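Letters A, B, ... are given to chains in the order of the sequence lines, protein chains preceding strands, and every chain is numbered from 1. Quick caveat: nothing in here was measured; it's all calculated off a predicted structure.
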Amino acid sequence: MTAPAAPYLEGLNPEQKICVEAPDGPLLILAGAGTGKTRTLTARIAHLLATGRARGSQILAVTFTNKAAKELRARAENYAGGGGGGGVFLSWAGTFHSMGARILRHHAELVGRRSNFTILDASDQQRLVKDLLKSANIDPARMPPALAHHLIERWKDRALAPDQIPSEEKQAHDGRIIKIYRAYQDQLKNLNAMDFGDLLMECLRLFRDAPEILEQYQNRFSHIFVDEYQDTNVAQYLWLRLLAAREKNLCCVGDDDQSIYGWRGAELGNILRFEKDFPGATIIRLERNYRSTGHILGGASAVISHNGSRLGKTLRAQEGDGDKIRLIRAHDGKDEAQRVCREILTLREKRVSLDEIAILVRSTAQMRSFEEEFLDLALPYRIIGGARFYERAEIRDIIAYLRLIAQPDDDLAFRRIVNVPKRGLGAKSVLCLTQAARDEGASLLDACSLHEDSLKPSGLKSAAIRKLRDFAAMIKRFADHKDALPLETLAEKVMDESGYRRMWAETKTPDAETRLDNLAEMLRACGEFDSLEGYLEHVALVMEIEAEAGGERVSLMTLHAAKGLEFDAVFLPGWEEGLMPHIRALTQDGLRGLEEERRLAHVGMTRARRNLYVGCADMRLIHGFWQDCLPSRFIAEIPQEHVEILPIAQPFGAEPVASAPLFSPSEGGAEEASEEESSLFSVGARAHHKIFGAGTVSRVEGKKVTVRFDDPPSEKTIMAGFLIRLPDGDSQGSSNFVMTGK
DNA sequence: CCAGCTGCCATTTTT
DNA sequence: TGGCAGCTGG
C-alpha cells in the first residue's frame with residue numbers, strides 16, 4: 001500500500017506523523033516549544049477529512065485567541081485547497097468564548113428568547129462591581145473593586161455559581177464577596193448581559209438543564225480539537241468533557257512547560273490529569289525542536305527541569321550548538337538598556353533584521369528604560385500588547401453609540417455617551433432620569449421619551465427633558481437606518497451627526513489627531529462587517545486589531561505576550577530575584593508561583609532561534625527607591641557550558657549610580673547653605689506636578705534639609721515627599737529626604 | 001465644568 | 001517615580 005503521500009504529510013517527522021495518523025479516541029499531543037505543534041494539529045485535521053472520518057462541519061476546533069483561530073482556519077483551508085470546494089470549511093473554529101456565545105445565541109433564538117445579550121468587556125465589569133460595592137456600603141479601601149472582580153472571575157473560571165461556592169470560601173472577607181457576586185449576577189440579568197465567564201457557565205447550565213441540546217451538539221461534533229490545552233480552566237474542561245462524552249474523539253495539544261496563565265484561572269492540573277480524565281487516552285510527545293540552536297535549548301531545558309509539576313519531556317535540537325547564551329551584567333536598569341541596545345546595533349551590523357530581534361520583559365514597567373534608549377539611538381521599535389485598540393476611549397465611545405442603536409435597553413452604553421460630546425446632560429440629569437426610568441420600569445433611553453408628567457417628579461427640568469428627547473430622537477434616527485445602510489456608513493453618520501468627531505477635531509491637545517486617526521481606522525474595520533450585530537459581537541470578543549506596516553522594528557513586549565512567537569535574537573533583561581521570578585508570584589503562590597515563573601523563563605528562552613541574551617543588573621530603581629539586586633536563581637540553573645559572560649567595560653561600582661546626593665552634605669554637622677546656592681532650588685510635590693513653590697535652602701544637615709519657602713505649601717504635602725528642581729532643568733527626587741521648617 | 005491637585009498604587013491580561 | 005482615579009476650587 002504505497003499510495004502517494006498526502007500533501008499534509010509532506011515534511012512531517014516520524015513523531016508528527018504518528019500524531020497525525022493516530023486512531024480516534026482521546027489524544028494528548030505534548031508538544032514542546034518549537035516542535036511544530038500547530039502544523040501537526042492542522043495536519044491531523046486534514047487527515048481526518050482526507051480519510052473521510054469527518055466533514056469540516058463536524059469538527060470543533062477551539063483556541064484561546066482569535067489570532068490562533070484565524071491561523072488554524074487559514075492553515076486548514078490551505079491543506080484542503082484541492083478538494084472540499086464550495087462548503088464552509090472548519091465552520092466551528094474559534095475561541096472558547098465565541099463558541100459559547102454562538103451556542104447560547106443559537107439556542108435563545110430557537111426558543112424565541114432575546115438572543116441579543118450584550119457581552120460586557122473588562123471595564124464594564126469593573127464598573128459594575130464598583131457600583132455594587134458602593135451601594136452595599138463596602139469600604140473600597142478594605143475591599144478594592146479589582147479584588148472583588150478578580151475573586152468573582154476566579155469562581156467563574158471554576159464554573160461555580162454563587163450557590164455552589166464551597167462553604168469555607170464563602171466565609172472569605174466576611175462573606176461579603178459572595179453577596180457581591182450574587183448582586184453582580186442579578187445585575188447582569190437585568191441588563192440582559194453576560195461577562196466572559198458567563199458565556200461558558202451559561203453554556204454548561206444549558207447542557208445540564210436541557211440534555212437533548214447537549215446531545216445534539218455531541219452528535220454534531222464527531223471530533224474536537226483544543227490548542228494550548230495547558231491554559232484551559234475548570235469551566236472549559238467541563239465544557240469539553242461534556243461535548244466529547246459521546247464520541248470521545250478529543251485531541252488536545254499543549255505543553256505543560258508553557259503554562260503561564262495560572263493567575264487567570266488556567267488549571268495546570270487539566271493537562272497533568274489528562275490520562276485519568278479520559279480513560280484510554282493516548283499521549284504522544286513531540287520533542288524535536290526545530291527552532292533553537294543547541295546551547296539555547298540546553299539552557300532552557302536545564303532551567304525547566306527544576307520544576308516538579310510536569311509530565312516531563314526532553315527537547316532535542318535539530319541544529320548545531322550555535323552560539324552560547326550571553327549574559328549581560330549591568331550596573332542598573334539604564335546601563336542594562338544601553339548594553340542591550342549596543343548588542344542590538346552589533347546584530348544589525350551583522351545583517352540581522354530588526355524584525356527578528358525582541359526584548360522580552362517580565363513587567364511593563366521595565367519597558368520605559370528601553371524606550372528611552374531606543375529614542376536616543378533612533379532605533380525603530382514597536383511595543384506589542386500595549387493599549388488595545390478597542391480599549392481606547394474614543395473607540396469605546398463610538399462602540400457605545402452602536403450598542404445603544406442595536407440594543408436600546410443597554411443602559412451602560414447610554415450612560416457612557418449621553419453627554420459625550422457635551423450636551424449639558426450632566427450627572428444630575430442622568431441621576432434624575434435613572435430615578436424616573438426605575439419608577440416606570442423602562443430603560444434609560446425609553447425613559448427619555450416618557451411624558452413630562454412622569455419625568456418632572458424626578459426633578460428633571462424642562463430644558464434637560466428637551467435635551468434628552470433630542471438625544472433619544474437622534475439614536476432612534478440612527479436605529480431606523482441601521483439595516484438599510486452599510487455599517488461603515490452608519491458608523492460614519494454616528495460620528496458626524498452626534499458631533500463626536502467634531503469634538504475631537506476642535507480639541508487642541510496633541511493626542512486629538514491620534515484619536516481622529518483611530519476613528520478612521522475603526523471605520524475601516526467596520527467595512528469588513530455586514531451587520532451591526534456581527535460587528536459588536538466581534539468587538540466584544542476580539543478586542544484586537546491587525547495591521548501596522550512600516551519598516552523594520554525591534555519588538556518590545558512582556559514575556560506573556562511573547563508566547564507562540566519566535567525571533568532570531570531574544571533579550572531577556574531584568575533577571576534578578578524579585579523581578580524574575582517576581583516577588584509577588586513567590587509571596588502569593590509560593591512554590592506554585594515559583595514554578596510558573598520558571599515556566600515563564602523557559603517560554604522566554606525558547607523564543608530564540610540563534611541568539612539569546614539574559615540581562616541582570618546590580619541595582620534597580622523600584623517605586624522610586626534604589627534596591628540592590630541579586631542575579632535570578634534561574635541564571636544559576638543554566639549550566640555553565642551554555643553560557644558566555646559578556647565582558648564589562650567598567651568594573652561594577654566604579655561610578656556612583658545610586659541617587660546622587662542632592663548636594664554634598666558635610667560629614668556630620670549641620671551646614672549653612674551659602675546665599676548663592678540656596679536661591680537655586682524650587683520645590684514641588686510630585687515630579688509630574690507643577691512646581692508649587694520656590695524657596696531657599698537655609699540649612700543642610702546630613703539628609704535633613706531646611707527650606708524657607710517664599711509661599712509655603714501645607715505640612716501634609718511636605719510629609720508626603722517632594723521634588724527639588726535645579727535651575728538647569730535637572731530634577732532630583734527626594735522622598736527619602738526629610739524636610740522641616742518653612 | 002474642568003484643570004489641577006492629592007492620594008493611592010505599583011506583575012502578567014485574553015476573552 | 002509615575003500613572004491614574006477621584007475630588008475640589010475657581
Side-chain angles (χ1 to χ4, degrees), chain A residues 62-69 94-101 119-122 125-127 130 140-141 144-146 150 153 156-157 194-200 228 231 233 235-236 260-266 333 360-366 368-369 385-388 390-391 419 422 424 426-428 509 537-544 557-563 574 578-589 593 596-597 599-600 603-604 620-626 659 684-690 692 713-714 716-717 719-721 723 731-736:
Chain A
V62 202
T63 62
F64 274 83
T65 62
N66 285 286
K67 207 172 136 198
T95 61
F96 278 97
H97 298 272
S98 63
M99 290 298 146
I119 298 171
L120 295 194
D121 65 31
Q125 296 166 33
Q126 287 267 5
R127 238 193 88 177
K130 199 171 176 183
H150 178 258
E153 270 192 320
K156 290 193 171 189
D157 284 337
M194 295 206 195
D195 67 10
F196 294 114
D198 282 341
L199 293 176
L200 284 161
E228 309 279 15
D231 288 336
N233 62 33
Q236 288 157 344
I260 54 175
Y261 286 110
W263 50 273
R264 65 177 203 212
L360 313 181
V361 294
R362 173 68 244 263
S363 80
T364 48
Q366 288 171 264
R368 196 180 319 129
S369 51
R388 318 220 157 280
Y390 286 109
E391 280 166 26
N419 203 29
K422 298 268 176 299
K428 185 88 183 296
T509 52
E537 175 102 17
H538 165 83
V539 167
L541 290 171
V542 171
M543 297 287 181
E544 183 196 11
M557 70 191 93
T558 64
L559 285 159
H560 285 91
K563 201 166 91 161
L579 187 57
M580 180 78 208
H582 201 281
I583 182 83
R584 296 279 294 245
L586 303 187
T587 51
Q588 243 171 53
D589 299 315
E596 183 150 316
E597 295 291 291
R599 290 192 290 271
L600 205 45
V603 166
R620 204 168 276 279
L621 193 57
I622 294 169
H623 309 332
F625 292 92
W626 284 99
S659 49
R686 289 281 188 285
H688 50 97
H689 292 157
K690 290 228 174 93
F692 65 66
S714 75
K716 218 172 148 192
T717 308
M719 297 304 292
L723 178 99
S731 55
Q732 290 286 347
S734 52
S735 37
N736 46 355

Worked verdict on Leu120(A) versus Met194(A) for side-chain contact (heavy atoms from CB on, under 4.5 Å): CA-CA 6 Å; Leu120(A) 295 194; Met194(A) 295 206 195; over 6 Å; no
Pairwise distance CG(Leu199(A)) to CD1(Ile119(A)) - rounded to 0.5 angstrom: 5.0 Å
Rounded distance in Å - CG (Asp157(A)) to C1' (dT13(B)): 12 Å
Qualifying residues under ring pair (Phe, Tyr, Trp, His ring centres under 6.0 Å), relative to Phe96(A), sequence neighbours excluded: Phe64(A), Trp239(A)
Met580(A)/Leu559(A) under side-chain contact (heavy atoms from CB on, under 4.5 Å): CA gap, chis, key distance, verdict: CA-CA 11 Å; Met580(A) 180 78 208; Leu559(A) 285 159; 3.9 Å; yes
Nearest-Å distance for atom pair CD1/C1', residues Ile622(A) and dC9(B): 15 Å
Parallel, tilted or perpendicular: rings of Tyr261(A) and His560(A) (30°, 60°): tilted
Whole-Å distance separating the CE atom of Met99(A) from the C1' atom of dT15(B): 13 Å
Whole-Å gap separating C1' (dT15(B)) and CG (Leu200(A)): 9 Å
Partners meeting salt bridge (charged side-chain N to carboxylate O under 4.0 Å, His left out) with Glu596(A) (sequence neighbours left out): Arg599(A)
All N/O pairs under 3.5 Å across the protein-nucleotides 10-12 of chain B interface:
{"unit_1": "dT11(B)", "atom_1": "OP1", "unit_2": "Arg584(A)", "atom_2": "NH1", "d": "2.4"}
{"unit_1": "dT11(B)", "atom_1": "O4'", "unit_2": "His582(A)", "atom_2": "NE2", "d": "3.4"}
{"unit_1": "dT11(B)", "atom_1": "O4", "unit_2": "Gln588(A)", "atom_2": "OE1", "d": "3.4"}
{"unit_1": "dT12(B)", "atom_1": "OP1", "unit_2": "Thr364(A)", "atom_2": "N", "d": "2.6"}
{"unit_1": "dT12(B)", "atom_1": "OP1", "unit_2": "Thr364(A)", "atom_2": "OG1", "d": "2.5"}
{"unit_1": "dT12(B)", "atom_1": "O4'", "unit_2": "Arg362(A)", "atom_2": "NH2", "d": "3.3"}
{"unit_1": "dT12(B)", "atom_1": "O2", "unit_2": "Trp263(A)", "atom_2": "NE1", "d": "3.1"}
{"unit_1": "dT12(B)", "atom_1": "O2", "unit_2": "Arg362(A)", "atom_2": "NH2", "d": "2.9"}
{"unit_1": "dT12(B)", "atom_1": "O2", "unit_2": "His560(A)", "atom_2": "NE2", "d": "3.4"}

Closest to the Arg264(A) side chain, choosing from dT15(B), dT13(B), dG3(C): dT13(B)
Nucleotide dT13(B), atom C1' - distance to CD of Glu228(A) in whole Å: 15 Å
Minimum-distance nucleotide (side-chain atoms of Lys422(A) versus dC1(B), dT15(B), dT13(B)): dC1(B)
His97(A) side chain, from C-beta outward: closest of dG3(C), dT15(B), dC1(B): dT15(B)
Between dT13(B) and dC4(C) - P atom distance, rounded Å: 15 Å
